[in-house]
Amino acid sequence: MSIGATHEQALTPAAPTGAVIHPLWVRVTHWVNAVAMVIMIGSGWQIYNASPLFAFLFPPEITLGGWLAGALLWHFAAMWLLAVNGLVYLVLGIATGRFRRKLVPIRPSEVLADTKAAFTGRLVYDDLSVYNAVQKLLYLGVILAGIVIVLSGLAIWKPVQLQELTAVFGGYDAARYVHFFAMAAIVGFFVLHVVMALLVPKSLRAMIIGR
Amino acid sequence: MSRIRKNPAGVDPELLVKDAAKLMPEPTRRLFLRGGASLGALAFLTGCDIVDSASAEHVLMKISYFNDRAQAWLFNPNKLAPTYPDSAVRRPFPFNAYYPEEDAPEVDKDDYKLEVGGLVDNKKSWTLDELYALPQETQITRLVCVEGWSAIGKWTGTPLREFLRRVGADTRAKYVWFRCAEGYSTSIDMPTALHPQTQMTFKFDGEILPRKYGFPMKVRMPTKLGFKNPKYVMEMAVTDKYLGGYWEDQGYNWFSGI
């Protein structure tokens with residue numbers, strides 16, 4: 001085990017049973033985000049179908065809204081939930097030092113070692129309060145994808161009023177692709193995240209009751 | 001949205017209503033949303049069907065009205081839409097409507113008179129020659145469709161604010177409403193009507209506006225989605241009354257600013 005990890009564990013009280021792993025604000029923002037994301041993605045797929053970027057459509061059964069107008073109503077309602085909740089999460093994550101404690105540093109060598117361990121079934125989750133390097137990378141990655149999806153969404157929504165932002169993404173049409181790929185990254189994360197939560201049920205419990 | 005249909009030039013209002021009804025999602029014409037399967041994702045997440053379609057729609061429309069106000073607040077009357085070089089113009093420019101191109105209305109140029117009503121000093125109608133005599137400007141801007149695609153076009157015509165000034169419009173009024181030859185209608189907020197790039201358009205790409213792009217007149221506003229840019233405009237009214245519009249009444253966001 002690396003010095004970094006040891007050091008980190010030394011700073012984090014060695015969670016005896018009963019210690020809070022996820023404070024209330026993490027749990028609340030996590031589940032609000034889950035609901036907002038499902039609505040945004042389901043309605044976003046319906047919106048995509050109105051003018052697809054690639055040679056496929058999302059099956060209507062897994063989309064939200066019924067038709068374009070309905071999907072847009074959902075999308076532009078849930079965006080407030082997603083953005084406000086996301087902002088609260090980011091501010092508290094930075095202000096409380098949780099991001100700094102839990103998500104960094106990420107060392108490439110550790111990522112490689114932990115990835116190998118994961119695929120050979122040797123990665124253990126004995127202490128839920130400490131993230132392994134793969135977890136850190138994925139959690140930080142999905143936070144970044146969340147930021148990108150909100151910003152690219154704003155760029156598509158307001159390519160005149162927020163034209164400077166749209167220009168950052170390479171213009172209106174390019175911003176649509178960025179928005180799509182950020183969605184794809186989040187959906188990819190979501191699938192892996194749910195599988196892992198089911199494989200390690202105590203992690204799901206911790207995200208509900210905190211310990 | 002380009003699914004349907006059929007609007008002969010001599011518009012039969014009853015037929016038109018029937019046509020409009022056909023555009024609504026089949027099983028629930030009165031509802032914008034469909035319950036059941038379309039809410040599958042939510043039901044999956046919560047393990048129960050928490051959302052009843054009618055009340056969900058009510059809440060969503062409330063949020064849509066809130067979004068109208070949020071967008072009006074965000075709208076900067078002095079911010080210009082980006083403009084592009086002539087080489088960026090999409091040729092041919094896509095035709096888009098809720099009916100096929102051959103069913104686009106045919107407006108007779110000699111009979112045409114733009115009706116002007118509501119809160120204006122001078123309600124006289126305008127012939128095409130009178131309209132063509134107004135000062136004109138050209139813009140090359142991006143049209144963004146509510147469906148997501150976009151295309152850059154070149155439109156020439158008279159700034160709407162110049163026309164509103166000439167007819168003595170009360171610019172403290174809330175809305176400008178447009179009625180079109182095929183029965184389409186839409187309405188916009190006064191700040192957008194007074195935006196320097198909001199234009200009564202008579203030409204596309206240097207040619208007299210062809211039938212498919214809205215002959216004899218469309219209203220171009222690069223600060224709103226495409227469906228807010230009415231074609232075949234027959235009548236315009238300045239009003240304080242909210243009159244919605246063809247798509248807006250079916251659940252599309254009214255302000256639809258970009």
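Note: hydrogens, waters and symmetry copies are ignored here, and every other heavy atom, side chains too, is used. Below, chains carry the letters A, B, ... as their sequence lines are ordered, and counting in each starts from 1.
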Chemist: Which one wins on heavy-atom pair count under 4.5 Å against chain A: B:Asn76, B:Val144, B:Asn67, B:Thr223?
Modeler: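 It is B:Asn67.
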Chemist: Could you name each residue pair satisfying salt bridge (charged side-chain N to carboxylate O under 4.0 Å, His left out) that touches residues 24-47 of chain A, not counting sequence neighbours?
Modeler: none
Chemist: Under a 4.5 Å heavy-atom cutoff, which of B:Ser64, B:Pro82, B:Ala81 has the most pairs with chain A?
Modeler: B:Pro82
Chemist: Kindly write out the residues that satisfy ring pair (Phe, Tyr, Trp, His ring centres under 6.0 Å) with B:Tyr65, not counting sequence neighbours, or none if the list is empty.
Modeler: none
Chemist: Under 4.5 Å from any heavy atom of chain A, what part of B:Leu80 do you find: side chain, backbone, both or neither?
Modeler: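 Backbone only.
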Chemist: Could you check A:Phe54, A:Phe169, A:Tyr48, A:Tyr172 and say which one makes a ring pair (Phe, Tyr, Trp, His ring centres under 6.0 Å) with A:Tyr177?
Modeler: A:Phe54
Chemist: Tell me, side chain or backbone of B:Phe66 under 4.5 Å from chain A's heavy atoms, or both, or neither?
Modeler: side chain
Chemist: Given a strict heavy-atom distance threshold of 4.5 Å, which part of B:Ile258 is in contact with chain A: side chain, backbone, both, or neither?
Modeler: both
Chemist: Quiz question: by atom type and distance under 3.5 Å, do the side chains of B:Trp247 and B:Thr186 form a donor-acceptor pair?
Modeler: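 Short answer, no.
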Chemist: Among A:Gln46, A:Met79, A:Arg176, single out the residue with the greatest number of heavy-atom pairs under 4.5 Å to chain B.
Modeler: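 Greatest number of close heavy-atom pairs with chain B: A:Arg176.
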Chemist: Distance to the ring centre below 6.0 angstrom and angle to the axis at most 45 degrees; does that hold for B:Lys224 and B:Phe255?
Modeler: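 Yes, a cation-pi geometry.
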